Each structure stands twice: as structure tokens, then as C-alpha cells.
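Have a look at the structure below, then the notes.
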Amino acid sequence: MTHEDYMRQALALAREAAAAGEVPVGCVIVDRAGQIIGRGRNRREEDKSPLAHAELAAITDACRSHGDWRLKGARLYVTLEPCPMCAGGILSARIPELYYGAKDAGFGACGSILNLFEEDFRHHPKIVGHILEEECAQLLQDFFAQVRKKSPENLKIL
């Protein structure tokens with residue numbers, strides 16, 4: 001499978017999140033053999049938790065299926081540039097490669113606001129952005145347009 005194929009898997013999870021009223025972000029983690037070992041989507045509203053981000057859910061799932069908290073041979077694909085919390089999870093799990101779709105001008109920790117991976121940590125993942133960027137960004141734009149149309153007070157999701 002290609003990087004785009006894996007991002008399409010993450011986009012499917014993002015669409016599930018949108019259908020559940022969540023900000024549409026999806027994530028998959030792939031092992032060295034190319035098998036998806038972790039999946040996650042945003043669930044902040046469902047779980048009533050600011051920690052319920054797609055990346056953290058996928059990391060947790062991958063660690064369980066992999067049988068280790070270190071995901072040294074893994075690649076993470078996420079539809080939106082990770083925030084500082086999720087970037088910290090990527091660092092902690094020792095994930096060596098990160099692929100994301102759309103930039104996040106509000107919380108992005110891979111270059112939009114700051115690049116947490118350039119700091120003096122022992123681990124420095126490779127970062128590749130803009131994978132299916134237009135499709136990832138459009139999904140987010142459509143979601144927020146619907147939220148605004150339904151009710152401006154629903155913008156608490158932000």
C-alpha cells in the first residue's frame with residue numbers, strides 16, 4: 001500500500017468521527033510489514049475527555065496489538081497535523097515516521113505553531129506532511145461549515 005492508501009484509511013476513521021459529531025480526525029499506525037496495527041479517531045465529545053484524540057487512541061491500540069509500548073518500526077498516518085499532546089505521545093512511543101494530511105494553524109506541533117520534534121529530545125521522527133492534504137482539509141472545512149450552519153453555539157467543539 002502507498003502513503004495515500006494509508007491516509008485513506010485514516011480519512012475513513014475521520015468520516016466516522018464526523019458522523020458521530022466529532023471533529024473529523026482519523027489515524028492509523030502501520031508496522032514494518034505494512035499491516036495496520038492501530039486505529040483511532042477523535043472521541044472528545046463522546047468520552048468527555050480532552051485527551052481523546054485520534055493519535056492517542058491509535059497509539060494505545062497499536063501498543064496493545066504490538067505487545068509493547070515502543071513502536072519503533074511503526075509509521076503513523078493522521079489526517080491533521082498533531083497537536084503538542086499528540087506529538088508528545090508520538091515521541092513517547094518512539095514512532096519513527098509521521099505522515100499527516102492537513103496543517104493545523106491553531107494547534108499544530110509539527111511546524112505550524114512550533115515543531116516539537118526539533119527540540120532536544122532523544123527521539124526525532126521523520127515528518128512528512130501534505131498527504132492527501134486537500135481531501136483532509138476539505139473534510140474539516142465541511143464539518144465546521146455544518147456546525148456553524150446548525151448553531152453557532154455548537155462551536156464549543158473548537
Side-chain angles (χ1 to χ4, degrees), residues 1-32 34-47 49-66 69-119 121 123-144 157-158:
M1 288 179 62
T2 67
H3 297 306
E4 290 79 11
D5 292 329
Y6 291 119
M7 189 61 75
R8 284 185 189 92
Q9 296 290 315
L11 275 162
L13 291 164
R15 288 185 189 94
E16 283 181 24
E22 300 281 353
V23 174
V25 179
C27 181
V28 297
I29 298 178
V30 180
D31 68 10
R32 285 187 178 120
Q35 299 298 309
I36 295 175
I37 60 169
R39 291 178 169 79
R41 67 169 180 82
N42 271 2
R43 293 179 181 276
R44 291 185 305 174
E45 299 299 324
E46 291 171 72
D47 292 357
S49 172
L51 306 178
H53 285 210
E55 298 95 314
L56 298 183
I59 289 169
T60 299
D61 190 36
C63 289
R64 284 188 187 127
S65 67
H66 181 62
W69 63 268
R70 293 173 198 86
L71 298 173
K72 289 186 177 181
R75 292 173 291 168
L76 185 144
Y77 293 84
V78 63
T79 58
L80 182 64
E81 177 183 2
C83 71
M85 175 180 67
C86 293
I90 292 164
L91 288 169
S92 293
R94 311 298 195 273
I95 296 171
E97 296 180 30
L98 160 66
Y99 299 86
Y100 70 86
K103 299 286 278 178
D104 186 351
F107 287 93
C110 300
S112 290
I113 303 291
L114 68 114
N115 188 340
L116 200 60
F117 301 128
E118 289 179 346
E119 298 302 319
F121 296 105
H123 181 66
H124 298 277
K126 169 185 167 184
I127 304 169
V128 178
H130 316 292
I131 308 291
L132 300 181
E133 180 178 24
E134 289 179 24
E135 193 172 343
C136 293
Q138 191 64 56
L139 183 60
L140 288 157
Q141 290 167 6
D142 293 348
F143 174 79
F144 285 114
I157 289 175
L158 298 172

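The chain is numbered in sequence order, starting from 1. Here the structure is a predicted model, which is why all the values come from computation and not from measurement.
Looking at every heavy atom in both residues, Cys27 comes nearest to Ala58 through SG-CB, 3.6 Å. Taking all atoms of both residues into account, the shortest heavy-atom contact from Leu140 to Ala102 is CD1-CB, 4.4 Å. Of all the heavy atoms in Ala87 and Pro82, the pair that sits closest is N-CB, 4.2 Å. In this structure, Val78 and Met7 approach most closely via the heavy-atom pair O-CE, 3.4 Å. Closest heavy-atom contact between Phe117 and Pro125: CD2-CD, 3.5 Å. The shortest heavy-atom contact between Leu13 and Gly40 is CD1-O, 3.6 Å.
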Could you please spell out the steps behind the side-chain contact (heavy atoms from CB on, under 4.5 Å) verdict for Met85 and Leu56? CA-CA 9 Å; Met85 175 180 67; Leu56 298 183; 3.8 Å; yes
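Looking at Asn42, its side chain never comes within 3.5 Å of a backbone N or O of Pro24 through a donor-acceptor pair. A donor-acceptor contact shorter than 3.5 Å is absent between the side chain of Thr79 and the backbone of Gly101. Under a 3.5 Å cut-off, the side chain of Ser112 and the backbone N or O of Lys103 do not form any donor-acceptor pair. When atom types are taken as modelled, the side chain of Tyr100 and the backbone of Ile127 share no donor-acceptor pair closer than 3.5 angstrom. Side chain of Glu81 to main chain of Asp104: a donor-acceptor pair is present (N/O by atom type, distance under 3.5 Å, no hydrogens or angles). Arg39 places no side-chain N or O within donor-acceptor distance of the main-chain N or O of Ile37, the cut-off being under 3.5 Å. At least one donor-acceptor pair closer than 3.5 Å links the side chain of Glu22 to the backbone N or O of Arg44. A donor-acceptor distance shorter than 3.5 angstrom exists from the side chain of His123 to the backbone of Ile95, with no hydrogens or angles considered.
Interatomic distance, OG of Ser92 versus CZ of Arg70, reported as 11.5 Å (0.5 Å rounding). Rounded to the nearest 0.5 angstrom, Leu76 CG and Ile90 CD1 are separated by 5.0 Å. Here the straight-line distance linking atom CD1 of Ile29 with atom CG of Asp31 works out to 10.5 Å at 0.5 Å rounding. Atom CZ in Arg8 sits 6.0 Å away from atom OG1 in Thr2 (nearest 0.5 Å). In this structure, Tyr99 OH and Arg75 CZ are separated by 6.0 Å, a value rounded to the nearest 0.5 Å. With rounding to the nearest 0.5 Å, the separation of OG in Ser65 from CG in Leu71 is 8.0 Å.
Identified under the salt bridge (Lys or Arg N to Asp or Glu O under 4.0 Å) test for residues 9-18, with sequence neighbours left out: Arg15-Glu135, Glu16-Arg41.
Within the 4.5 Å cutoff, no side-chain heavy atoms of Phe107 are placed close to those of Leu80. With contacts defined as side-chain heavy-atom distances shorter than 4.5 Å, the pair Arg94/Trp69 qualifies.
When only modelled atom types and interatomic distance are considered, Asp5 and Gln9 share no side-chain donor-acceptor pair under 3.5 Å.
The aromatic rings of His3 and Tyr77 lie tilted to each other, with the angle between the two planes from 30° to 60°.
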